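Residue numbers start from 1 in every chain, and the chains themselves are labelled A, B, ... in the order their sequence lines are given, proteins ahead of strands. Keep in mind the model is a prediction, meaning the values are calculated, not measured.
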There are 2 protein chains.
Amino acid sequence: MEKAIKDILVNGALKVNGSLWVEGNGKRFFGPGPVELLELIQETGSINQAAKRMKMSYKKAWELINNLNNMAGVPLVVTSTGGDNGGGSAISEEARQLIAYHRDLRVRFSKFLEEETQRLK
Amino acid sequence: MEKAIKDILVNGALKVNGSLWVEGNGKRFFGPGPVELLELIQETGSINQAAKRMKMSYKKAWELINNLNNMAGVPLVVTSTGGDNGGGSAISEEARQLIAYHRDLRVRFSKFLEEETQRLK
DNA sequence: ATTCGTTATATCTTATGAGATATAACGATC
DNA sequence: GATCGTTATATCTCATAAGATATAACGAAT
């Protein structure tokens with residue numbers, strides 16, 4: 001009988017893992033990072049606070065969002081500067097759809113990874 | 001009716017993509033890069049030549065192989081220095097098994113990605 | 001007009017990784 | 001023992017990424 005893959009390695013705890021994203025003509029468009037950020041913007045109403053929650057610099061968060069908005073035909077994050085509370089941000093309906101889609105996608109992917117990990121043994 | 005995800009984006013050519021690897025207790029162990037390198041070592045009998053084919057520096061190739069051998073309980077690449085042709089390298093039977101496994105894995109993963117890409121539309 | 005917290009942007013510094021280069025060790029062949 | 005092409009390893013430089021810092025613009029509220 002052929003050896004199982006797991007017997008090739010010293011460390012027993014083997015598993016298949018991976019990551020998934022949506023590409024818009026060849027360029028990575030929407031991965032796991034943005035999802036969390038969008039959710040936090042929805043929750044906090046602010047890019048700044050969302051970034052802090054993720055321990056991400058404002059700069060990085062802003063660049064990420066800027067990319068997203070540029071690649072999408074519809075703005076995913078809509079911002080306003082100034083105003084009573086200095087301004088703020090919200091996510092669009094389309095962003096909510098993307099988040100929901102990605103959540104479902106991740107569920108199916110987890111199942112796939114689980115099955116493949118089983119197959120190792 | 002709800003908009004399809006693809007209608008959110010300007011660029012029609014949307015697809016789901018991703019990458020997959022095998023983890024040995026939390027650390028990435030075997031991804032798509034090593035597979036190609038191992039195959040080329042098998043083909044050329046030399047780390048040096050394999051690296052050149054991949055346009056990878058010898059250093060990087062060697063580090064990659066060293067990691068692999070360290071994490072695996074069994075050496076995946078066996079090398080010899082000196083000798084009639086200066087030395088050379090070959091891959092072990094276990095490496096061949098890993099390559100075969102990963103090839104099958106990629107086939108199934110492609111199918112998964114294909115299905116998910118369909119679902120976008 | 002001053003205050004406020006946010007968005008938006010530029011710039012500078014620093015850390016990390018990648019690549020380039022150099023060199024020793026090796027051992028069969030001649 | 002000289003030659004050869006390879007493995008093995010150290011070191012140095014450089015490009016790119018990441019982070020830190022600074023600052024302007026904004027507009028409602030007072």
| message | Measure CD/Glu63(A) against P/dA18(D) and give the value in whole Å, please. | response | 9 Å
| field | Residues, nucleotides or ligands: over 12 heavy atoms within 6.0 Å of Arg96(B) CZ | value | yes
| Residue met sooner reading DNA chain C from 5', once Gly83(A) and Asn66(A) are mapped to nucleotides | Gly83(A)
| query | Within this structure, what is the CD1-to-P distance between Ile65(B) and dT6(D), rounded to whole angstrom? | reply | 14 Å
| Could you give the CD1-to-C1' distance, from Ile47(B) to dT7(D), as a whole number of Å? | 7 Å
| task | Would you check if the side chain of Asn69(A) reaches a backbone N or O of Val77(A) as a donor-acceptor pair within less than 3.5 Å? | result | yes
| How close or far is atom P of dG17(C) from atom CG of Leu64(B), stated in whole angstroms? | 15 Å
| message | Please confirm whether the shortest side-chain N or O distance from Ser80(B) to OP1 or OP2 of dC26(C) is below 4.0 Å. | response | no
| Thr117(A) (side chain) donor-acceptor with Val16(A) (main chain) under 3.5 angstrom | yes
| request: Compare side-chain N and O positions of Asn85(B) against OP1 and OP2 of dG5(D) and report whether any pair is under 4.0 Å apart. | output: no
| Rounded to whole angstroms, how far apart are OH on Tyr58(A) and C1' on dT23(D)? | 13 Å
| message | Counting distance alone, no hydrogens or angles: does the base of dG19(C) have a donor or acceptor under 3.5 Å from a partner atom on the side chain of Lys59(B)? | response | yes
| message | Using OP1 and OP2 only, check whether a side-chain N or O of Thr79(A) sits under 4.0 Å from dT6(C). | response | no
| Nearest-nucleotide comparison on DNA chain D, the residue closer to the 5′ end among Asp84(B) and Lys60(A) | Asp84(B)
| field | Taking every non-hydrogen atom, the tightest pair across Ala51(A) and Leu37(A) | value | N-CD1, 4.4 Å
| remark: Smallest heavy-atom separation, Leu20(A) atom then Phe109(A) atom, equals CD2-CG, 3.5 Å
| task | Could you tell me the separation between the NZ atom of Lys52(B) and the P atom of dA20(C), rounded to a whole number of Å? | result | 13 Å
| task | Describe the nucleic acid contact of Ser46(A) in one word from base, sugar-phosphate, nothing, applying a heavy-atom distance below 4.0 Å. | result | sugar-phosphate
| task | Provide, to the nearest angstrom, the distance between the NZ atom belonging to Lys55(B) and the C1' atom belonging to dG19(C). | result | 16 Å
| Asn48(A) CG to dC4(C) C1', straight-line distance once rounded to whole Å | 13 Å
| task | From the options dA8(D), dT7(D), dT9(C), select the nucleotide whose nearest atom is closest to the side chain of Trp62(B). | result | dA8(D)
